[in-house]
Structures are given as C-alpha cells and as structure tokens.
Amino acid sequence: MAKNIRKRIGASKDEEALYLASAGISASGINTFLQSPLEFHDSINEDTDQTVLGSAIHCSTLQPSLVKEKFSIISRRIEGLMGNYLQLKAEAIFNGMDMPTARTIAHTSAGFKVPLLQVEATIHKPENKGLRDYYQSLINSKGKFVLDTEEEVKMLRCTQSLITHKKVKELLGMTGDDIEIWIEHPIIWTIDLGKGPILCKSKPDIAVIDHKQRIICVLDIKTTSKRHSEWNQIIKDRGYHRQLSFYCGAVERKLWQDGKDVTPLYNKKYTWLGYIAMVETQSRHHQCKVKCFTDKTLNKAYSECLLAIEDMMWHKENNLWEHDKNYYEGDGAEIIDPYNTN
C-alpha cells in the first residue's frame, strides 16, 4: 500500500488573498515583458490571460469540487452592446453603486449612441423578457464567473479529454512511497541576482515530487482554439516553455524552503520533467495532447527568465519602459535579417 503521499490542493482563502495581492513577478509577466516592457509596466499585478472558459476547464480538471462555488451557469449569453450594458450594470451594482449611477456608467462604457432612457425602455418591453432574465441571472451570479450552457458543455468535454489522457491521468493519480502532489498550490518566493531578493510568485497546475525515484514532474494546462498542427508554434511564440521553467523554479524554491535540496540548475540530484497539456476548445473532438520538455530545455528556458528579470530591474531602476533595453543602449535601430529563420 502506498505510504507518505502528501497532497497540497489549492490554498486557504488567506493564502489565496496573499498570493493575489503579491506584487511578485509571475511567469505570464515575464512573457509580457519580453513582448513589450511598456505593456508589462501597464499591467503589473495582472497574473493571467486565461479566459473564463479556460479558467473553468482548469477548475473542473484540477479542483472539480469548486466548480459550483466559482462558476454560475446561465441558459444563454446576450452579445453585443446590450449584452455589454447589462453585464456592466450588474458589475456596477456588485461594486456598491446605486441603480442610476450603475446605469449611467454602464451606458457610457458600453458605447451606446442612443440615449440611456431608450436603452432601458427597450429592456422593459414585454417581448424582451429574455433581456431581463439575463440581467437577473447576472445578478444571481454575484461573485462568480458566468458560463452559458454551450460553454458548460465545452468545459465538461475538455475536462474529460484532459483527465483521460494517459500522462495527465498518471500525474493526477500518482501513487507510491514518499510522493508529494501539488495542485494549483500558490508559491511566493524570491530570487537573488546579485542586488538583493526579487519577489516572484507562481501557481503551477500540477507538480509531482517523487522523492524515492528522485523525479520531479511539473505540468501546465493550456486551452486553445487552434488546431493541433499549430500548437508547437504557439508554445514557442507565447513562451509557454519559459512559463513552465519558471514554475519549476518556484517548485524548487518551495522545496528548498521546506528543507529539501532539489536544485535543478546546479546538481543532478533530481531529474526534472516538464509537461504542457493542451486541449482544443472549439472542435467537437476537443483533442488533448501533452508536450514534454527535458531538464536541459527547462534549464535553458529558466536562464532566459533570469535574464528577462535582470532587464526588468534595469528598466525599473532607470524608469524607462517605452522601448526595450537595447533601444536605450544602442542607436535605436533594430537589425533584421529576413534570410535567417532561426
């Protein structure tokens, strides 16, 4: 019988609040910075680019007991200006505004050109009961993300595709002696690049630490509307391999804080394997494939993360964000070679 299996699933409300409030550098922040320092500077503390459907698939796969707590299902979503108006009005009410103020703000933000009174009159026409029902469903979902029934079906099918994939199933159901399994466990940690500690934060989807076999596996789930033939390029273009390596760095640091020396960059005490599980959200098959990265690739990608953080600190010290560091240290022109495809 398996012994010493320790699971860390999610976090307490206090831990989650601390994680969300932390100004630490995240994996998605690094990728945003590499695309544009200015965009990174304008979006500090934004930790994810997940859609509501993507978040639902993550929750349904990794913490299914929380789906009803976090998500509300409505019969259908109203699109267009009217849908935006109703959603913005509900959000304004949630934020404590009175109804006249909520209507005014929602009307302005939605971009209507017709008067507010005309919009409200349209909503209250007898034949537009669907609009009123939609607004009421938004009010009833206070504090939750909203999915329509079509999105709910996609969530369930994508979840099934993920949990039945042999590698995901293996990691979620790992058994054996002296194993740790972390599922969406938030980690706040620091790195030191020679000028003092730099705060970082990560929340790996799945981390499995097998102390007996000396293997550590970290898996990240990605949802996409693109077909499988494009996935390898998506991973490269969006820097998902760097994100994965950063999660490995977080796991290493947390284990080090717990008194376990598993450092991936400086010794071979443990073998590190990284996986990205991608699932397609739009086709009826919702195909899932898992991509594997060796410790050599992870170490190289992690080095890119550290170099990016060094550049971030340079931008912060100099308060220069409009261009990348090369622009300020060079003549402002970028060399391009259309014949070099690397």
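Here the structure is a predicted model, which means the values were calculated and not measured.
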Student check: side-chain heavy atoms of [X] and [Y] closer than 4.5 Å:
{"X": "Phe293", "Y": "Trp272", "value": "no"}
{"X": "Ile187", "Y": "Lys203", "value": "no"}
{"X": "Val208", "Y": "Ile179", "value": "yes"}
{"X": "Ile215", "Y": "Cys217", "value": "yes"}
{"X": "Asp210", "Y": "Ile216", "value": "no"}
{"X": "Ile30", "Y": "Ile25", "value": "yes"}
{"X": "Glu252", "Y": "Tyr270", "value": "no"}

Heavy-atom pair with the smallest gap, counting every atom of [X] and [Y]:
{"X": "Ile221", "Y": "His58", "value": "O-NE2, 2.9 Å"}
{"X": "Ala106", "Y": "Lys89", "value": "CB-N, 3.5 Å"}
{"X": "Tyr247", "Y": "Pro204", "value": "CB-CG, 4.0 Å"}
{"X": "Leu193", "Y": "Leu306", "value": "CD1-O, 3.7 Å"}
{"X": "Ser75", "Y": "Thr149", "value": "O-OG1, 3.0 Å"}
{"X": "Cys59", "Y": "Lys70", "value": "SG-CD, 4.2 Å"}

Working to the nearest 0.5 angstrom, can you tell me the gap between [X] [atom1] and [Y] [atom2]?
{"X": "Ile191", "Y": "Cys200", "atom1": "CD1", "atom2": "SG", "answer": "4.0 Å"}
{"X": "Cys158", "Y": "Ile57", "atom1": "SG", "atom2": "CD1", "answer": "4.0 Å"}
{"X": "Ile105", "Y": "Leu88", "atom1": "CD1", "atom2": "CG", "answer": "9.5 Å"}
{"X": "Lys201", "Y": "Ser26", "atom1": "NZ", "atom2": "OG", "answer": "6.5 Å"}
{"X": "Ile234", "Y": "Lys236", "atom1": "CD1", "atom2": "NZ", "answer": "13.5 Å"}
{"X": "Ile198", "Y": "Ile309", "atom1": "CD1", "atom2": "CD1", "answer": "6.0 Å"}

Salt bridge or not for [X] and [Y], using N-O below 4.0 Å?
{"X": "Lys212", "Y": "Asp178", "answer": "no"}
{"X": "Glu317", "Y": "Lys195", "answer": "yes"}
{"X": "Lys129", "Y": "Asp133", "answer": "yes"}

Are there over 12 heavy-atom neighbours, none belonging to [X], within less than 6.0 Å of that residue's [atom1]?
{"X": "Lys142", "atom1": "NZ", "result": "no"}
{"X": "Glu150", "atom1": "CD", "result": "no"}
{"X": "Arg227", "atom1": "CZ", "result": "no"}
{"X": "Phe145", "atom1": "CZ", "result": "no"}
{"X": "Glu334", "atom1": "CD", "result": "no"}
{"X": "Glu230", "atom1": "CD", "result": "yes"}

Quick one: does [X]'s side chain have a donor or acceptor within less than 3.5 Å of a partner on [Y]'s backbone?
{"X": "Asp205", "Y": "Glu184", "value": "no"}
{"X": "His165", "Y": "Ser161", "value": "no"}
{"X": "Ser55", "Y": "Thr51", "value": "yes"}
{"X": "Lys167", "Y": "Lys289", "value": "no"}
{"X": "Ser303", "Y": "Asn299", "value": "yes"}
{"X": "Glu15", "Y": "Ser12", "value": "yes"}
{"X": "Ser245", "Y": "Tyr302", "value": "yes"}
{"X": "Asn95", "Y": "Glu91", "value": "yes"}
{"X": "Ser60", "Y": "Ala56", "value": "no"}
{"X": "Glu280", "Y": "Ser283", "value": "yes"}

Flag for [Y]-[X]: side-chain donor and acceptor within less than 3.5 Å:
{"X": "Asn140", "Y": "Ser137", "value": "no"}
{"X": "Gln282", "Y": "Lys154", "value": "yes"}
{"X": "Ser72", "Y": "Ser141", "value": "no"}

side-chain contact (heavy atoms from CB on, under 4.5 Å) between His228 and Met278: does it pass, once the steps are laid out?
-> CA-CA 9 Å; His228 173 250; Met278 299 189 74; over 6 Å; no
Specify whether Phe246 and Trp189 have parallel, tilted or perpendicular ring planes, treating 30° as the upper limit for parallel and 60° as the lower limit for perpendicular.
->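 Plane angle between 30° and 60°, so tilted.
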With under 30° as parallel and over 60° as perpendicular, where do the rings of Tyr328 and His323 fit, or are they tilted in between?
->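 Geometry flag for His323 against Tyr328: perpendicular rings.
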Can you get from Val52 to Ile73 by hopping between Ile, Leu, Val, Met, Phe, Trp and Tyr side chains that sit under 4.5 Å apart?
->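 Yes; Ile73 is reachable from Val52 via cluster members.
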Using the rule that two of Ile, Leu, Val, Met, Phe, Trp, Tyr join whenever any of their side-chain heavy atoms come within less than 4.5 Å, decide whether Leu307 and Met313 are in one cluster.
->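 Unlinked, Leu307 and Met313 end up in two clusters.
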List, by chain and number, the other hydrophobic cluster members for Leu81, where Ile, Leu, Val, Met, Phe, Trp and Tyr join if side-chain heavy atoms come within less than 4.5 Å, directly or indirectly.
->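 Direct or chained contacts put Leu81 with Ile74, Ile78, Met82, Tyr85, Leu86, Ile93, Phe94, Met99, Phe112, Val114, Leu116, Val119, Ile123, Leu131, Tyr134, Tyr135, Leu138, Ile139, Val146.
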Worked verdict on Glu180 versus Met174 for side-chain contact (heavy atoms from CB on, under 4.5 Å) | CA-CA 9 Å; Glu180 296 184 58; Met174 185 74 77; over 6 Å; no
Please step through side-chain contact (heavy atoms from CB on, under 4.5 Å) for the pair Leu320 and Trp314, ending with a clear verdict.
-> CA-CA 8 Å; Leu320 296 171; Trp314 183 92; 4.0 Å; yes
Any chance you could lay out the side-chain hydrogen bond (donor to acceptor under 3.5 Å, both in side chains) test for Gln233 and Trp231, step after step, and finish with the verdict?
-> CA-CA 5 Å; Gln233 190 63 42; Trp231 289 1; over 6 Å; no
Take Asp311 and Lys325 through the salt bridge (Lys or Arg N to Asp or Glu O under 4.0 Å) test and state the conclusion after the steps.
-> CA-CA 7 Å; Asp311 282 352; Lys325 183 180 176 183; 3.7 Å; yes
Could you please spell out the steps behind the side-chain contact (heavy atoms from CB on, under 4.5 Å) verdict for Leu244 and Val218?
-> CA-CA 7 Å; Leu244 189 62; Val218 179; 4.1 Å; yes
Do Phe33 and His315 make the cut of ring centroids closer than 6.0 angstrom?
->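 Centroid separation for Phe33 and His315: below 6.0 Å.
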Audit row: Arg238, Asn31, side-chain hydrogen bond (donor to acceptor under 3.5 Å, both in side chains) steps and yes/no | CA-CA 7 Å; Arg238 299 185 183 177; Asn31 279 337; over 6 Å; no
